[in-house]
Protein chains: 2
Amino acid sequence: MKNSTKLSDAMHILTYIAINPNHDLSSTQIAQSVNSNPVVIRRIMSQLKKANLLLSENGKATPSLAHDSHNISMLDVYHAVENEPTFLKIDDQTNPNCPIGSQIKTVLDTDYTSIQKRQNKKWQRLPLRML
Amino acid sequence: MKNSTKLSDAMHILTYIAINPNHDLSSTQIAQSVNSNPVVIRRIMSQLKKANLLLSENGKATPSLAHDSHNISMLDVYHAVENEPTFLKIDDQTNPNCPIGSQIKTVLDTDYTSIQKRQNKKWQRLPLRML
DNA sequence: ATACATGTAACTATACATGTTACAGCTAAA
DNA sequence: TTTAGCTGTAACATGTATAGTTACATGTAT
């Protein structure tokens, strides 16, 4: 898989909406700021909507944050736009007949979870201090 | 975000070598444990060697850890096998003529770096407690 | 009605991980 | 020194996810 800019772009979109509540908030306009495509923007916005981070209505270019910006963390946004539950993917195709192949998954899963759990506390809020 | 099992497999390889110093350590043998291909194993081992985490010699199936296992962290391994300096990739194609498009990179980079810096302290050592 | 918006399906291009074949070159043992 | 088996690496195939794009059904508002 590729390195995705979805999180980066999603943060961009939310920040744009938070900062410009009275400007043109059409996907076309936001796409110009992100330097991307309106459909790409709407696709990301759709994911943010499903995660209850964003409110929007069909036909109306008036999206808004579903919560106060201080109550939206980057981790929330990450989970909204990335499918993987963690950053780190375990190879689950290892050989079950090998002592190491059979145990490495469990061991690494413990490590990954541990890392992830501590990590989750550290995520920043929306970068609205650029205001 | 990347969807690679390289880190997982690299940890597997290093653990295999650390645990089985007297067994058959050919790439073919390790590949059976990982349930992969000898070339894939050698490819990862080549990266570990370049990062000075692994010692190996052409023609000899006797790889060994370059350091005591307690001095090899999963973060070391991550950096050895993944090119990206961080987990999180910033969209650097945003519109420089838009106030937000031009600033979002700097702001997110600050956040990402902050997250990453705290994160780096938390990585586990090689999972040799499976012994 | 008309213009413009969202929501979403479908297709394409691209990038990267992984699998595989092939082979040059090294090692060790007969 | 011949031989078997190994490493190191290039080259190519394949699978999959991102991102860009076109198209269109549907909603909004004047």
Side-chain angles (χ1 to χ4, degrees), chain A residues 1-10 12-13 16-17 23-51 54-64 78 80-85 87-95, chain B residues 1-13 16-17 23-51 54-64 78 80-84 87-95:
Chain A
M1 191 196 294
K2 211 192 316 185
N3 255 355
S4 168
T5 58
K6 268 199 290 188
L7 172 61
S8 172
D9 291 340
H12 189 149
I13 292 167
Y16 192 99
I17 292 169
H23 288 101
D24 176 2
L25 295 180
S26 65
S27 58
T28 300
Q29 182 63 32
I30 297 175
Q32 287 187 10
S33 177
V34 178
N35 199 23
S36 177
N37 191 287
V39 176
V40 173
I41 301 301
R42 295 205 289 274
R43 197 146 55 196
I44 294 173
M45 288 176 73
S46 172
Q47 292 186 278
L48 294 172
K49 192 176 178 180
K50 277 175 189 153
L54 191 68
L55 305 174
S56 68
E57 291 170 88
N58 192 341
K60 299 167 75 171
T62 55
S64 61
Y78 178 84
V81 297
E82 303 284 355
N83 299 323
E84 293 299 318
F87 302 108
L88 308 170
K89 186 177 176 187
I90 291 174
D91 185 350
D92 56 2
Q93 306 297 314
T94 56
N95 186 349
Chain B
M1 193 56 39
K2 231 174 257 188
N3 209 2
S4 166
T5 59
K6 267 198 288 188
L7 172 62
S8 173
D9 291 340
M11 292 294 288
H12 190 150
I13 292 167
Y16 192 99
I17 292 168
H23 288 101
D24 177 2
L25 295 181
S26 66
S27 58
T28 301
Q29 183 62 33
I30 297 175
Q32 286 185 12
S33 177
V34 178
N35 198 24
S36 177
N37 191 287
V39 177
V40 173
I41 302 301
R42 296 204 288 275
R43 197 144 56 194
I44 294 173
M45 289 175 73
S46 172
Q47 292 186 278
L48 294 172
K49 191 177 178 180
K50 278 175 189 151
L54 190 68
L55 305 174
S56 69
E57 291 170 88
N58 193 340
K60 300 168 73 172
T62 55
S64 61
Y78 179 84
V81 297
E82 303 285 356
N83 300 323
E84 293 299 321
F87 301 108
L88 307 170
K89 186 174 177 188
I90 292 174
D91 184 349
D92 56 3
Q93 306 297 314
T94 55
N95 187 349

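Per chain, numbering begins at 1; letters A, B, ... match sequence-line order.
At the heavy-atom level, A:K49 lies under 4.0 Å from the strands shown only through sugar-phosphate atoms. At the heavy-atom level, A:T28 lies nowhere under 4.0 Å from the strands shown.
Residue A:S56 places at least one side-chain N or O closer than 4.0 Å to OP1 or OP2 of C:dG7. For B:T5 and C:dT18, the shortest distance from a side-chain N or O to OP1 or OP2 is below 4.0 Å. Close to C:dA5, at under 4.0 Å from its OP1 or OP2, lies no side-chain N or O of A:S27. Using a 4.0 Å cut-off, no side-chain N or O of B:K60 falls inside it from OP1 or OP2 of C:dC26. A sub-4.0 Å separation between OP1 or OP2 of C:dT18 and a side-chain N or O of B:S4 is present.
Toward the 5′ end of DNA chain D lies the nearest nucleotide of B:M45, the other residue of the pair B:M45 and A:N37 mapping further downstream. Comparing B:V81 and B:R42 by the nucleotide of DNA chain C that holds the closest heavy atom to each, the one mapping nearer the 5' end is B:V81. Nearest-nucleotide mapping onto DNA chain C: of A:A61 and A:R43, the residue sitting toward the 5' end is A:A61. Two residues, B:S46 and A:I44, neighbour DNA chain D, and the one matched to the more 5' nucleotide by heavy-atom proximity is B:S46.
Checked by distance alone, B:N58 brings no side-chain donor or acceptor within 3.5 Å of a matching partner on the base of D:dG8.
Remark: DNA chain D takes part in the stems C:1-30 with D:1-30, each of 3 or more antiparallel Watson-Crick or G-U pairs, criterion distances under 3.5 Å.
B:K6 places no side-chain N or O within 3.5 Å of a backbone atom of B:E82 that could act as its donor or acceptor partner. The closest donor-acceptor contact from the side chain of B:S8 to the backbone of A:D91 lies under 3.5 Å.
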Exercise for the section: Go through the steps for A:V81 and A:L48 under the test side chain to side chain contact (heavy atoms under 4.5 Å, CB included), then give the verdict. Expected result: CA-CA 7 Å; A:V81 297; A:L48 294 172; 4.2 Å; yes
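Distance CD (A:E57) to P (C:dT8): 14 Å, rounded to an integer number of Å. When the P atom of D:dA19 is taken as reference, atom CD1 of A:I13 falls 11 Å away, rounded to whole Å. The distance between atom CG of A:L25 and atom P of C:dG7, rounded to the nearest whole Å, is 13 Å. Across the protein-nucleic acid pair, A:D9 atom CG and D:dG20 atom C1' stand 12 Å apart, rounded to whole Å. Atom-to-atom, CG of B:L55 to C1' of D:dT7 comes out at 15 Å; the value is rounded to the nearest Å. Atom pair B:Q47:CD and D:dA10:P shows a separation of 12 Å (rounding to whole Å applied). A straight line from CD1 of A:I41 to C1' of D:dT21 spans 14 Å, rounded to a whole angstrom.
The A:S26 side chain lies nearest to C:dT6 when the options are C:dT6, D:dA11, D:dG20. Considering only the side chain of A:V39, D:dT22 comes nearest among C:dA17, D:dT7, D:dT22. Of the listed nucleotides (C:dG7, D:dT7, C:dA17), C:dA17 has the atom at the smallest distance from the side chain of B:E82.
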